[in-house]
Every structure is written in structure tokens, then in C-alpha cells.
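FYI, side chains are in, hydrogens and waters are out, and symmetry mates aren't considered; it's all heavy atoms of this structure. Throughout, protein chains are lettered first and strands after them, A, B, ... in sequence-line order, and every chain is numbered starting at 1.
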Protein chains: 2
Amino acid sequence: MSLKELSQRLGLSQTTVSRALNGYPEVSERTRQRVMQLAREMNYRPNPSAKSLATGRTEHIGIVLPIEKNLFVEPLFGEYLAGVAQFLAEADMDITIIPTPFSQELEAYEQLAMSGRVDGLLISSPAVNDARVASLVGSNLPFVVHGRTHCDQAYSYCDIDNQGSFARATRLLIELGHQHIGFINGDHSLNYANDRYLGYKSTLEQYGITYDPSLCIQGEITEESGFNAAAQLLMHRPRPSALLISNMIFALGAMRALRQHGLEPGYNVAIIVHDDHLPYLQADKFDPPLTTTSSSIRKAGYEITKMLHHEIELGGNAPAKQQQLLEVDLIIRGSTRIRRN
Amino acid sequence: MSLKELSQRLGLSQTTVSRALNGYPEVSERTRQRVMQLAREMNYRPNPSAKSLATGRTEHIGIVLPIEKNLFVEPLFGEYLAGVAQFLAEADMDITIIPTPFSQELEAYEQLAMSGRVDGLLISSPAVNDARVASLVGSNLPFVVHGRTHCDQAYSYCDIDNQGSFARATRLLIELGHQHIGFINGDHSLNYANDRYLGYKSTLEQYGITYDPSLCIQGEITEESGFNAAAQLLMHRPRPSALLISNMIFALGAMRALRQHGLEPGYNVAIIVHDDHLPYLQADKFDPPLTTTSSSIRKAGYEITKMLHHEIELGGNAPAKQQQLLEVDLIIRGSTRIRRN
DNA sequence: GCACAAATTCAAAGCGCTTTGAAATATTAA
DNA sequence: TTAATATTTCAAAGCGCTTTGAATTTGTGC
């Protein structure tokens, strides 16, 4: 079923039918109804490739998925994607996932900027100095970064206040009397982890506590590395009386380590975790319920996509770059119930 | 940079340039080199929409993502997707994710079958009687199902032997002396969960143990529902001495419930879990290490995509439907170390 | 009834690629 | 050398849509 065939059956030109279908005003209501009805009956769907070729828009946003290192992002990726998808369902657009060997990532972005495969791009997990962003600011493909990076030119981003919220969490622990606070974090080359690190460190120093690098451990987001990190921290002397943990997966492993050492989380060791709202792993259901810095990564996916959509709609009208900081709540629960150690 | 421009610079026709680039034999090696080089220099990328329009292929495979209920699949979805992506990087194709309100899912599939947006489709989590499959077998869009469903016509699928592996796991528990085996499973309307249920039930009956429906609990894949299910099972009298658990997320919750009841997993209650190889949650690292039925869902994603790609390549040459069953290992670890209860 | 404007509709060009069928050139056999 | 064949190149049509600029129809005021 093509436009041509449809218009022949209607005894109208392709122009009129196309306009009727796309809601242009220069077609009479009577004709429009007639067209719409037959289109529905015939189950007509415009061919997307033809449409893209004619309009220059694909109605797809792109996400480059590095295939070697995606273990890394993964526990959060699905949830983030759900947020992206939720917005796109409203906008009636699709996601193009571009699987790319890590070694060819940059070229992939450069290609995308030229090829018109997608109308815009979403960038996740930026590094402190992100080469992808540096490359894209020079192109005219709309993109929004989930997180921030160091870049001398303006770019659109949607982030949370990682530094601020981890500063708050650290402050809370200090005010509860903790002097030795272990920190289990993501890789510091990633901006979000670096920001959290800065929030932690600066708050310690603000309270006159010397920052001890051996209390701060980086790792991939797996239960196991949470366990290993906690196990290592528990060997530290004096033993940390509190743990600050960058995500729920780490927390699982850390709590396993605590128990294995005969320590009860929340009683012998205070815990604060950053909670991205993985629906299958709820912080308030833990034993004890976990004190968290809390921010929905699904919401982030939704909001960043809304921003990208906005830039796409504006087209070449060089819109001001947007930036959005999503709320982070500090939710106090049982895992910080005791003071001191 | 278009083909036209490129061919003008070369003093060749578009035909020749197109053929040189696409490796057709009717162009001399000298010309081909010349073309390829300039194309590289100019950083030429053919416009994908134009290409699709001309060839009828998009180099995209589709995945419909129901946006309301995707909480459900999610913990496994990322890992599955990683496998899909891994194969597609080799085949140089992309994934189109089509976000769809659950209520419009079927129409979305029908549309896709007509519109030529994708070259093929991947179906996940089929129901026992799956309407999507029933609808697609009538179309000529290639698709492969991850799992199986009841359908009178042939279709391609890639699955694991859920029934067999859960039968084996149940048998192991029975032979270890367990008579009361609790089962925490996914929703029985989904075929994979139903198969597991059948494996469990038939094995019980085979050993002359009456199947007790109150020992079999269904739920969404969250830590919390694993906890609730286990808590409920522990109230059962006589108390089950073993738990069969459908995935690692459930297992987290179940073990929390056990501990809360003062029971030690593997000692007071035996546990077997199905392990999909979530890289961030490893069964052998649990405490105690978990006995599992083990099968990589990432591998499944890779294999199913390979199958789909094969069907796409074959095109209209009505290929025989393919079916593949991936291996499931029964790996015995500490969580089944004790006999009886 | 007519001239004029407004409302509808249309034919045709164009988006950037592939592919068919024909033309030009190079190669070989006699 | 010439005819016949093989090799290389080309012009043009077509994929299914949008959109421009023109043409047709309808409606208005006098």
C-alpha cells in the first residue's frame, strides 16, 4: 500500500493525500476525512525510509552501545532505557541502538554526525574529559549528555548533583560521629564517580578530617567488587565505622562482607548508599532499610530524552544549550541508626 | 557528501561509483581503488534512508519494548540486549527499539510487519499462547522467538530446556531427601515460567510426591517479591526444606527472608537457583555459593540474533524454520550441601 | 452576470541511493 | 586488419515520500 495507490483509489493527487494525512490546513475537511478513512481501512503506513529521505528526519534517536565494556553500565542501563522509551512512546519516535566495538567508538560518533541515521544522540557515562562530547560539539547533530564532563564549549546535559549529594551524605555521617568513612565508588575516570569523590573528600576536609586514599575504593559495578571493596575496607585500621556506597549493587556485596566479618550493617557499621531506583532492588526493603541518596535513573532517562526531543524540534534554530539538574533526596533509614562505633 | 558529488569529482557515473563501493565485480580494480580512496578522504557515508528506499533493507532489527510492564523483564533485558548487540556489531547492523504502550503492542507488531522499518524482529518473553507470534507467522517479516509458545504453525525460536533443567534440579533435591520443596517462579502465563513449573511438578509426581500448589509462588522479578514468596513459604507447614528459585533476583530476597527467620541458607534450607549469568550478581560468590541451573542469557541474545540474521539473509527463499536449544548446566555448590532438613 | 480573492487541488521535481539495459572501450581469435 | 567477445562504464528509471509553484474550483461583492 503506497501513497500512489491510495491516491489513485481516492481519485486524488499524491500531494493532497499526503497533506490530508499530515494535517496540513490547505485541504478541506471533507477530503481529509475521506482520505483518513480509506487510509485506515487499507491499513496504510507511509514507508519510513521514503519519508526520511524526503524530510531529512528519521524519528530515531541514537544510543551508541560499546560492546566490550558494557558490563560496566549495565545494571543501570535497562532502567535508564526504560525512561528513554517512556518519553519516546509519547513522541512516537524510536531508539536506534548502535552496537560498537569500544575501539571504534569515536569514529562511530563522527559517522553518526554525518550520516543522518538519527535525529539526535544520547550520551551516557561521560568521562571526566569526554572525547565523544568534544567531538560532537563541533557537529550539528543535537545531543544531550547524561551527566557532565569538562568541555570548554557549551553543551546540553541532564545530571544530578553528585558532588552535593555525596557531600550531604558524608556530612551526615560525620555529624553522626563517624571519623573513618570508607567509600566504595565507581571508576574515577567517569565524571559522575569523580564528582562523588570530590563531594566526599571536600566534606571530610571541611570537617578537618584527613582524606585517606586507602579508604576510597573504585571498581566495576558488580556485587563481587562491592564485596571485595568492603572486605578490604574492613581490614583497614582503624576500621571504618561507616561506609558510603555508590550504588545498590555494591551495597549487596558490601553487606555480604560485613556479615561475613560478623558485623551487623547499621549497627556496627553505618551505611549510606546511592539509590538509582532499580525496581527490583529496593533500598527500603533491605535489612536494615538503607539510608540513601536517592534519584530515579528512569526519570533521568525520561527527562534527558525530553530535552533531546526539544532540541530536535527546534532544528537549526541554534537553541541555547539546556542544562537540568535532577533532585537527589537524602532519605534516612535504619542503616544509619546508630551513632559512632 | 553525496554519491552524485563524489562521482562528479571522480569523473565517473553514479553507477560505477556505487558499484565500486559495494564490491560489485563489473568495475576494474584500478577504478575501485581510486573510488575507495576518494570516498575515504571525503569521509563519504551513503545516506541510510536513501539506501533503504532503494534496496528495501534497513539493516535494523526490531525489538518492541512495552513501556508499562517492562519492570518485569528488566533485570535480564540489559544482559540479553548485550548479546544481541554483540552479534550485530559483527554483522554491522543496528537495533531499533520501538517503545510501545502495552495496550497497543499487537498493532505495533502488525504495523512493523507492513512498514519495512526493520528487516526482522526479536520476540522476548512469549506467553504460553502468544498473540504476537500468532500474528507474525502470518506475515512475511522474519522473526525469532526467545523462548517458545503454543502455535500450530512453525516458527523459529531459540530457547533453553526449562522443563528439563527444572526437572533435573527438582530431582536433585528429592534425591537429597527433600520432600517439601518450595518453588519461587515467574508468572505462569509466561511460557518459560510455565515450562519450569511443569518440570517441577512432573518430577514431584514421578517420585510420588503430591504437588502442593501452595508451595509454588509466582511473582514479578524483584528482590521484594522473592522475599515475600520465601517468607510465605516458610510459614507453610511442614516447612519446606528446600527452595527452587527461578532467578538470582528472587534468590537475593529469599535469602534475606531465610536469615530473618534465623535460618541459614544451605544449612537449614537447601537452595537451587536458575542463573542467567548476570555479570553483576554471581551465584558462586554468594554465601553459601549457590547451586544453580546455569545458562547465559547473553549467549542466548547472541545466538537468537545470529538466527534472525540468517533468515534475513535468506530473504524470500522461504527457509525452513530454525530452532535451537541452548545448554543448561546443573552446577552443584554449597547451597545444597546438606541432606534432609 | 462579472471580476477578484480565497480555498482546494494538482503536476512535477527532488531527496540519495541501486539497478537495468544499453553503449563504449578493451581484448582476443582468425 | 576485422569481427566477435569480454570488460568497463554510463544514462535513466525507480524506490515512496514531501513540497514547490501553478492551476483549478469555489465563494464574494458589486
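- Remark: the B:Gln322 side chain and the B:Tyr155 side chain contain no N/O donor-acceptor pair separated by less than 3.5 Å.
- A distance-only check finds a donor-acceptor pair linking the side chain of A:Glu68 to the backbone of A:Phe102 [under 3.5 Å].
- DNA chain C is contacted by both A:Pro25 and B:Asn22; A:Pro25 maps to the nucleotide lying nearer its 5′ end (nearest heavy atom per residue).
- Taking the six-membered ring for Trp and the full ring otherwise, A:Tyr157 and A:His146 have centroids separated by 6.0 Å or more.
- Read 5' to 3', the first and last nucleotides of DNA chain D with an atom closer than 4.0 Å to a heavy atom of chain A are D:dG16 to D:dG21.
- For the 3.5 Å distance criterion, the side chains of B:Thr16 and B:Ser13 qualify, holding a donor opposite an acceptor.
- Pairs passing the salt bridge (Lys or Arg N to Asp or Glu O under 4.0 Å) check and including a residue from residues 109-121 of chain B, sequence neighbours excluded, read A:Asp94-B:Arg117, B:Arg57-B:Asp119.
- Counting any heavy atom pair closer than 4.0 Å across all strands shown, B:Thr31 reaches sugar-phosphate atoms only and no base atom.
- More than 12 heavy atoms of other residues, nucleotides or ligands shown are found within 6.0 angstrom of NZ on A:Lys321.
- With DNA chain D read from its 5' end, the first of the two nearest nucleotides for A:Ser18 and B:Ser28 is the one closest to B:Ser28.
- For A:Thr16, a side-chain nitrogen or oxygen approaches OP1 or OP2 of C:dC10 to under 4.0 Å.
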Write down the protein N/O and nucleotide N/O pairs, taken from nucleotides 21-25 of chain C, whose separation is under 3.5 Å; answer none if there are no such pairs.
none

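- Judged purely by distance below 3.5 Å, without hydrogens or angles, the side chains of A:Gln33 and A:Glu29 pair a donor atom with an acceptor atom.
- Within 4.0 Å of A:Gly11, counting heavy atoms only, lie sugar-phosphate atoms of the nucleic acid but no base atom.
- Applying side chain to side chain contact (heavy atoms under 4.5 Å, CB included) to A:Ile97 and the options B:Leu81, B:Leu88, B:Ile61 leaves one that passes, B:Leu81.
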